[in-house]
Amino acid sequence: MNIDEKLEKIQEGTLEIVDIEELKAKLEKEHPVAYTGYEPSGKVHLGHAITIMKLKQLQSLGFKIKILLADYHAFLNGKGQLDEIEKTAEYNKKCFQALGLSEDTEYILGSEFQIKGRYSLEYTNNVYKLATLTTLKRARRSMDQVSRHDDNPKVASVIYPLMQTADMPALGVDVALGGMEQRKIHMLARESLEKIGEEVPVCIHTPLLHGLDGDDKMSSSKGNFIAIDDEEDVIKDKIKKSYCPKGEVEGNPIIEIAEHFVYPYHETLLIERPEKFGGNLELSKDELCTMFDNEELHPMDLKNAIAKYLIEFFRPAREFMAENYKDE
RNA sequence: CCCGCCUUAGCUCAAUUGGCAGAGCGUUGGACUGUAGAUCCAAAUGUUGCUGGUUCAAGUCCGGCAGGCGGGACCA
């Protein structure tokens, strides 16, 4: 596969690549490094899965993948005590493996290099340098979509983006991948890394999924997600309860799930529909959107189809988790 | 270090001179829709930050502690 073909593939399902020319240059390398950082989370859900799927694709295109289990970031973001967070990180690592990343994926616990080992001194020095270059307002603003809500915001919340920035040279990354909520941190990082003379990574942003309740963002804290290891009945139940207004494509979480978890892997979606409602359909992405928009496809029929696909899509992950992860 | 104010349901906040701890939102369950939502009906939810005291009776008054917010002082 040549570089232009790779570029095109990488762009699929992303909202932006900053910068595309830089990415092109990175693709000259035999094994460019791509990374995503995740705050350990009680549940790994569809939102996380979007980025993991993209990482899998990058892996298949020759990228070396590093996953940062960002324990300190979670700690700074008020997610609990470090020992708890590290248990959660172990669980998340299993989840990521369950989604099919290959054996040579590298999982790195943030604290391992951020505060331990010889490199931590250089790391800390970078964080301090960044601290002198970054205004409070800019740092705060970068955290708009990332910070946990806090009536009494802590200094931790402005250290967070600085550490995230310092992570990039520490991990030697060519590409930083994240959801759109990472954008402001990434843009700040690109500016700052340039200033301190470190390599500036390409940033790739994927869309955020709406919550099943129609909220702007699917997130663990809001409970409006489907987890990658949810049981079949749970998936059915959650889909059934989801917000899905008739005729409305925009911001419809069920339509979004079809876009991100069905169509990248199947040309068409089979919708099984009772005869009295018109019988079965096999729809391409465009057909589905058009029909739904025209109210020719009832939400319930769509939901049934999506639930079925999701159950199949995550079957391997679910089985992997059942076998490899014993909750204590 | 000193002074003042704040802390009540998951959230935002009520509660009269001390007199059965409440509302809205959210949650859950039903009704209505061939989904969800909206709407209607119903229900659940509390160590009133912790602690000691006064009182027949304390969310309410007094003392101590913790956390938070604001100010002052120190530096000078």
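Order of the sequence lines fixes the chain letters, A, B, ..., with proteins taken first and strands second; residue numbering starts at 1 for each chain. Source: prediction; values computed, not measured. Heavy-atom basis, side chains included; hydrogens, waters and symmetry copies ignored.
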Distance between the [atom1] atoms of [N] and [M], in whole angstroms?
{"N": "G18(B)", "M": "C61(B)", "atom1": "C1'", "value": "8 Å"}
{"N": "A31(B)", "M": "C69(B)", "atom1": "C1'", "value": "47 Å"}
{"N": "A73(B)", "M": "U54(B)", "atom1": "C1'", "value": "36 Å"}
{"N": "C50(B)", "M": "G59(B)", "atom1": "P", "value": "11 Å"}
{"N": "G71(B)", "M": "G64(B)", "atom1": "C1'", "value": "24 Å"}
{"N": "A9(B)", "M": "A14(B)", "atom1": "C1'", "value": "13 Å"}
{"N": "G68(B)", "M": "G22(B)", "atom1": "C1'", "value": "26 Å"}
{"N": "C75(B)", "M": "A58(B)", "atom1": "P", "value": "48 Å"}

Please classify the nucleic acid contact of Lys303(A) as base, sugar-phosphate, or nothing, using heavy-atom distances under 4.0 Å.
base
Just call it for Lys246(A): base, sugar-phosphate, or nothing, with non-hydrogen atoms closer than 4.0 Å on any strand.
base
Within the stacking criterion (centroid distance below 5.5 Å, interplanar angle below 30°), does Phe277(A) stack on G34(B)?
yes
Pair partner, [N] [Watson-Crick or wobble, under 3.5 Å]:
{"N": "C5(B)", "answer": "G68(B)"}
{"N": "A42(B)", "answer": "U28(B)"}
{"N": "C56(B)", "answer": "G19(B)"}
{"N": "G37(B)", "answer": "none"}

Take atom [atom1] of [X] and atom [atom2] of [N], then tell me their distance rounded to the nearest Å.
{"X": "Asp215(A)", "N": "G37(B)", "atom1": "CG", "atom2": "P", "result": "15 Å"}
{"X": "Ile239(A)", "N": "G37(B)", "atom1": "CD1", "atom2": "C1'", "result": "16 Å"}
{"X": "Leu212(A)", "N": "G37(B)", "atom1": "CG", "atom2": "P", "result": "12 Å"}
{"X": "Asn252(A)", "N": "U35(B)", "atom1": "CG", "atom2": "P", "result": "15 Å"}
{"X": "Asp213(A)", "N": "A36(B)", "atom1": "CG", "atom2": "P", "result": "15 Å"}
{"X": "His210(A)", "N": "G37(B)", "atom1": "NE2", "atom2": "C1'", "result": "15 Å"}
{"X": "Ile255(A)", "N": "U35(B)", "atom1": "CD1", "atom2": "P", "result": "16 Å"}
{"X": "Lys222(A)", "N": "G26(B)", "atom1": "NZ", "atom2": "P", "result": "15 Å"}

Of all the nucleotides listed (U35(B), G37(B), G34(B)), which has the minimum atom distance to the side chain of Lys240(A)?
U35(B)
Over all atoms of both residues, closest heavy-atom pair of Ala258(A) and Pro264(A):
O-CD, 4.3 Å
Correct closest heavy-atom pair for Phe292(A) and Cys244(A) would be CZ-SG, 3.9 Å
Can you confirm whether or not the ring centre of Tyr309(A) sits under 6.0 Å from the ring centre of Phe261(A)?
no
Given the side-chain rings of His210(A) and Tyr243(A), with only the six-membered ring counted for Trp, is the space between their centroids under 6.0 Å?
no
Glu12(A) and Lys9(A) ion-paired at < 4.0 Å
no
Tell me whether the NZ or CZ atom of Lys238(A) lies within the 45° cone about the ring axis of Phe225(A) and under 6.0 Å from its centre.
yes
